[in-house]
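The next block holds one structure in the form of structure tokens; read it before the comments.
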Amino acid sequence: MTLREKQVVFLKNFALLIIWASENGYEVTAGELFRTDEQHALNVKKGTTKAKRSKHQDRLAGDLNLFLKGVYQTTQEPYKALAVKWKSLHPSNVAGYDWGWDANHFEMT
Ligand SMILES: [Zn+2]
């Protein structure tokens, strides 16, 4: 599968995740999707990431901000159902939830 083909599959599944969230009582807003190399270098410099390269730079990752009853969720646990749904959409899908940090991050490896 080429990178472009993978990006198409990723974005379709990301859309399906957003629709599933909406239909199951979760409110989500858009977080980061594509990250430029320049922005990633700034993030490394600021210490907000330790990754040498992010899937965001390859258009294979997206972040969602989760709200429950209008309240922005900043802890890991509320994202669990989204992580489970995300991983069910494709065998190459990985959820930041499983890392114990970055719970709002969804990527395709
Ligand atoms: Zn992310």
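Whatever order the structure lists ligands and atoms in, that order sets their numbers, starting from 1. These numbers come from a predicted model, not from an experiment. For reference, positions follow the sequence shown, starting with 1.
- A donor-acceptor distance shorter than 3.5 angstrom exists from the side chain of Thr48 to the backbone of Asn43, with no hydrogens or angles considered.
- Note: Tyr72 and Phe67 have tilted aromatic rings, judged against thresholds of 30 and 60 degrees for the angle between ring planes.
- Atom ND1 is the N, O or S atom of His105 at the shortest distance from the Zn ion (ligand 1).
- At least one donor-acceptor pair closer than 3.5 Å links the side chain of His40 to the backbone N or O of Ala51.
- Contact check on Asp58 versus Lys6 returns no salt bridge, with no Lys/Arg side-chain nitrogen under 4.0 Å from an Asp/Glu carboxylate oxygen.
- Residue Asp63 approaches the Zn ion (ligand 1) most closely through its N/O/S atom OD1.
- Within the 2.8 Å limit, Glu107 places no N, O or S atom next to the Zn ion (ligand 1).
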